[in-house]
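Here's the structure we're looking at; comments come further down.
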Amino acid sequence: MLSHEQTPGVTVSQQCDAYVWFSQRAWVEINLGALSHNVQQLKKIVSDTTSILAVVKADAYGHGAVTVAKTALQNGATWLGVATVPEGIQLREAGIQAPILILGATHTPEQIHAIAHWRLQPTIYSPKQALVFSQELEAVNYNSSLPVHVMIDTGMSRLGTNWQSAGEFVQFVQRLPHLNMSGIYSHLATADSPDTTVMNLQHQRFEKAINEIKALGIKLPCVHFANSAGTLVDSSLHYDMVRPGLAIYGLSPAPHLKAGVNLKGVMQVRARVTQVKTIGKGTGVSYGYTYIAPEDMRIAVVGIGYADGVPRNLSNKMQVLIRGQRVSQIGSITMDQLMLDVSAIDDIQEGEIVTLLGQDGDEEITADDWATQLGTISWEILCSFKHRLPRVAVS
Ligand SMILES: *Cc1c(COP(=O)(O)O)cnc(C)c1O
């Protein structure tokens with residue numbers, strides 16, 4: 001149970017000044033203990049020869065890229081994955097030395113210069129793009145070869161060269177000056193589905209591509225294939241490296257994958273009660289009066305809203321936790337504030353902590369709960385919290 005005076009079991013890290021902590025209307029807690037635990041769990045399910053690339057794109061799924069990257073590296077990850085060049089630069093500027101793979105597309109001269117300068121490893125996915133990289137590096141007299149990862153499309157129909165021409169493509173890349181194939185990979189489209197048909201087909205295609213490359217006498221670089229779901233579902237997908245994102249943040253890609261590993265939720269979203277009041281029967285609450293008090297009731301106003309990332313579509317549908325108990329949100333969620341029915345809890349005080357996502361006492365509300373209510377996936381929920389909410393590291 002959390003109160004405004006103390007937060008048992010949650011120690012504010014040294015990174016967080018106590019004043020900042022207690023002055024905030026709302027914040028996102030990042031549990032670094034849970035994050036460390038999750039990376040260690042994944043490390044346990046892969047063999048000693050399989051590396052872990054922690055996917056920290058999109059500001060580490062909203063958790064804060066630098067803190068997450070450092071913690072993941074301290075707990076067994078040896079690689080980092082980002083989507084864009086600026087995301088990679090942010091990690092390098094924070095002093096992180098580990099190899100960083102850019103999972104997204106890059107092709108402009110500015111991107112290529114930055115990749116070389118910051119020692120990032122790009123994904124190479126088409127002959128045209130590979131040629132642009134080589135020519136641009138030649139133009140700036142780049143005096144070594146840039147490590148690149150070749151991406152093969154085995155059925156995701158996203159970035160990547162078609163699996164049927166993988167051998168040809170790899171030969172083409174190898175002949176280009178300044179490029180050194182340090183990795184080869186593909187991405188699974190349906191690994192979180194209980195139906196493994198497509199996953200097996202992608203696996204076969206990936207195997208064919210790899211064998212074709214081997215048959216051409218080319219020494220295989222670091223081979224990687226599995227996202228979180230692939231990592232959890234089948235060790236034959238692990239190869240030299242796995243690329244978990246979601247699992248690091250403590251969520252399972254699908255209910256049937258939960259059993260194999262013990263994951264702990266990393267993100268908790270909390271806010272404070274800013275006002276408590278009694279309203280009479282028949283009183284409307286919030287914009288549009290989508291909620292009318294069915295009887296006299298006590299309500300709490302809370303300092304968090306849709307501009308912080310609480311989906312407005314959860315208005316009148318979501319529950320939150322106060323003092324370890326579930327209470328209902330009422331009325332439209334507004335940009336910066338929302339209201340709760342706190343009639344069932346005695347003497348709620350201004351300043352008390354409300355848990356929107358995460359644990360309070362024995363109760364827990366997860367990103368999966370929200371995703372189910374909203375018809376989306378937990379990945380999107382995690383990524384939706386805005387930077388107005390400070391990220392606070394807890395252990
Ligand atoms: C985002 C991403 C991942 C991580 O996926 P999760 O489902 O979050 O584990 C892995 N590989 C690639 C190429 C990605 O884009």
Side-chain angles (χ1 to χ4, degrees), residues 35 38-39 41-43 45-46 50-63 65 68-69 72 76-85 87-88 91 99-106 120-125 148-161 163 182-193 198-199 202-203 206 222-235 237-258 260-261 263 265-267 366-368 371 376-384:
L35 183 70
N38 297 336
V39 178
Q41 288 292 304
L42 293 170
K43 189 77 192 144
I45 65 170
V46 300
T50 299
S51 309
I52 293 184
L53 176 148
V55 178
V56 297
K57 64 193 180 190
D59 200 27
Y61 295 34
H63 294 65
V68 166
T78 50
W79 279 73
L80 299 168
V82 297
T84 68
V85 174
E87 287 178 348
L91 299 176
I100 298 172
L101 172 61
I102 301 176
L103 301 163
T106 50
L120 307 172
Q121 302 196 22
T123 291
I124 298 294
Y125 47 86
V148 303
H149 289 231
V150 165
M151 178 144 213
I152 302 173
D153 180 3
T154 55
M156 174 73 178
S157 303
R158 203 171 68 174
L159 221 51
T161 207
W163 62 278
S182 59
I184 183 155
Y185 76 112
S186 187
H187 192 48
L188 292 159
T190 67
D192 53 353
S193 166
V198 172
M199 184 180 79
Q202 282 197 267
H203 192 188
F206 193 55
C222 175
V223 177
H224 49 110
F225 196 26
N227 52 4
S228 294
T231 305
L232 298 177
V233 78
D234 184 353
S235 62
L237 303 171
H238 291 180
Y239 295 95
D240 300 321
M241 183 157 83
V242 292
R243 304 187 308 270
L246 191 74
I248 286 177
Y249 307 104
L251 285 142
S252 179
H256 72 285
L257 298 176
K258 271 192 183 137
V261 68
L263 300 171
V266 174
M267 179 185 283
T366 67
D368 281 323
T376 184
I377 54 173
S378 58
W379 289 258
E380 189 185 25
I381 302 296
L382 295 181
C383 293
S384 66

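We count ligands from 1, going down the list as the structure has it; atoms in each ligand are counted the same way.
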Quiz item: Parallel, tilted or perpendicular: which fits the ring planes of H149 and W79, with parallel below 30° and perpendicular above 60°?
Solution: perpendicular

Quiz item: Which value, rounded to the nearest 0.5 Å, describes the distance between D192 atom CG and N227 atom CG?
Solution: 7.5 Å

Exercise. Run the numbers for me: atoms of ligand 1, each under 4.0 Å from some heavy atom of S228, listed by number.
Key: 6 (P), 9 (O)

Practice problem: Give a yes-or-no answer on whether the side chains of Q121 and S182 include a donor-acceptor pair shorter than 3.5 Å. | Solution: yes

Exercise. Indicate yes or no: does an N/O atom of Y185 lie under 3.5 Å from an N/O atom of ligand 1?
Key: no

Quiz prompt | Numbered atoms of ligand 1 (with element) below 4.0 Å of Y61, judged on heavy atoms | solution = 1 (C), 4 (C), 5 (O), 6 (P), 8 (O)

Quiz item: For ligand 1, is any non-hydrogen atom under 4.0 Å from H149's backbone (N, CA, C, O), its side chain (CB onward), both, or neither?
Solution: neither

Quiz item: G245 to ligand 1: N or O pair under 3.5 Å?
Solution: yes

Practice problem: Only heavy atoms count here, so choose which of M151, K57, R243, H187 is nearest to atom 15 (O) of ligand 1. | Solution: K57

Quiz item: Rounded to the nearest 0.5 Å, what separation is found between the CG atom of L237 and the OG1 atom of T231?
Solution: 8.0 Å

Quiz item: At a 4.0 Å threshold, what atoms of ligand 1 neighbour a non-hydrogen atom of W379?
Solution: 6 (P), 7 (O), 8 (O)

Quiz item: Is there a nitrogen or oxygen of L246 sitting under 3.5 Å from a nitrogen or oxygen of ligand 1?
Solution: yes

Quiz item: Just which atoms of ligand 1 are under 4.0 Å from any heavy atom in P244?
Solution: 9 (O)

Quiz item: Where the side chain of D153 meets the backbone of G155, is there a donor-acceptor pair that is under 3.5 Å apart?
Solution: yes

